[in-house]
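Side-chain atoms are counted along with the backbone in the values below, which use heavy atoms only and exclude waters and symmetry mates.
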Amino acid sequence: MITSRFQELASTTAFKKGIPNLRIVYTPHPITDRPAELCREYIAGNNPLSNKPMLDEIYSGLVTPLSAIDAKAGFLEREARPRLFPADTAENLMEFFYNQGYTDGNPIILPTEDKVKEMLSATSHQPDEWVGQMRPSPPHEAWYYTVEMVAVNAVMAGAKPEYFPVILAIASKGATSMISSTSSFARMVVVNGPVVKEIGMNSGIGAMGPFNRANSTIGRSWTLISKNLGNSGKPGETYLGSQGNQLNFNNICFPENEEGLPKGWEPLHVQKGFEKSESVVSLFSGWSLNDIAWYSPLPQHEVIRGWLEHFFSFGVTQATLILDPIVAADVASKGYNTKTVFAKYLAEKTGTPGWLYWSENRDNLKKAQDGIEPFAGWLKRGEDAVVPVSRYMGRRMGG
């Protein structure tokens, strides 16, 4: 049983797994957080796609004997992809790449053998060496790819050869930048270490904007790798983000401004156990990028705490803060002499808006209504008053 939004995903996945006639009954979408009474109505009603009674379809699917094709086993045979395309004009090839879904909708640098060879000159790894595997989500098969395949996409993105080690490191993680979910997820790349200066990445003004070739093309490379080597980014099939996310274009790729960190604040990669002299890429996942404007008589650390307290998202238990060096210095001057100390303060002192807490904790609301403490005391403050329970406790605190 699958919700109707996943029809194309379900049918294509079934075909790829060798069971094209897999019996699927579709329910209305969504069912997450829907009350049990409504779900019972769905079951007693019709399949929204076939318009036939859902219970009849379930029964039929369980008792109807398998056909000959359904009983077959083994793997589907697939044609091998050619390494090279036939020669053509640049204009025709550009249109061909776009029509095949190999681009992000923008013009690319055509990956000629010479350009790919030049990209490969920046690494000691062999062109046919396996880098990793990637897929949009667990139901999909994983695609394996080589160093040369990654280099092709780096060329297409407009990256310079000196950026390739960073791009190869991202590719080796096997994480797609476009997750197959109805939520419009985004991902982020943070680069640390000597490589930042070596390749001229921007960690200053406009670091997350369209101003620096390294920041821009490294992030774009991840998008193209995800599409072409990770089977991601096919709307309705391997990408289901209901609205999409503009951050998918280059995945907020930027380096940490290590020189701008306050005294005692360690760079992200050092927090993770690496040496300061090592070059490291870190990948993050989330929904959006939210900006906090600092126009308040409150101290900056209180402004951030208040924002986290009233940040709305059901089930959120983590938040990643990206602080301007000026803001970081202000926070550090108030006694938060490490990132960990500041993160601990935020986790412990950030409450939950009452309307959100009670909607997510119906059992505790019943206890409060029955006079059981401390819930009753919290509720007496009003259903919208902040409840002194943090959504961020018990999580690893990073920078």
Donor-acceptor pair, [X] side chain versus [Y] backbone, under 3.5 Å?
| X | Y | value |
| --- | --- | --- |
| Glu373 | Gly377 | yes |
| Glu309 | Gly351 | yes |
| Ser216 | Arg213 | no |
| Glu278 | Glu275 | yes |
| Asn212 | Gly200 | yes |
| Ser184 | Gln243 | yes |
| Asn215 | Ala207 | yes |
| Thr103 | Tyr98 | no |
| Thr32 | Pro30 | no |
| Arg23 | Leu62 | no |

Pairing donors with acceptors under 3.5 angstrom, does anything connect the side chains of [X] and [Y]?
| X | Y | value |
| --- | --- | --- |
| Asn192 | Glu258 | yes |
| Asn248 | Thr223 | no |
| Asn47 | Glu57 | yes |

Checklist outcome for this item: Rounded to the nearest 0.5 Å, the OG1 atom of Thr176 sits from the NZ atom of Lys227 at a distance of 10.0 Å
Checklist outcome for this item: d(Trp143 CH2, Ser226 OG) to nearest 0.5 Å is 12.0 Å
Item to check | Note, Tyr239 side chain near Pro136 side chain (heavy atom, < 4.5 Å) | outcome: no
Item to check | Pair Lys367 + Asp363, salt bridge at N-O below 4.0 Å | outcome: no
Item to check | Flag if over 12 foreign heavy atoms under 6.0 Å of CD, Glu383 | outcome: no
Checklist entry - So does Glu259 have more than 12 non-hydrogen atoms from other groups sitting under 6.0 Å from CD? => result no
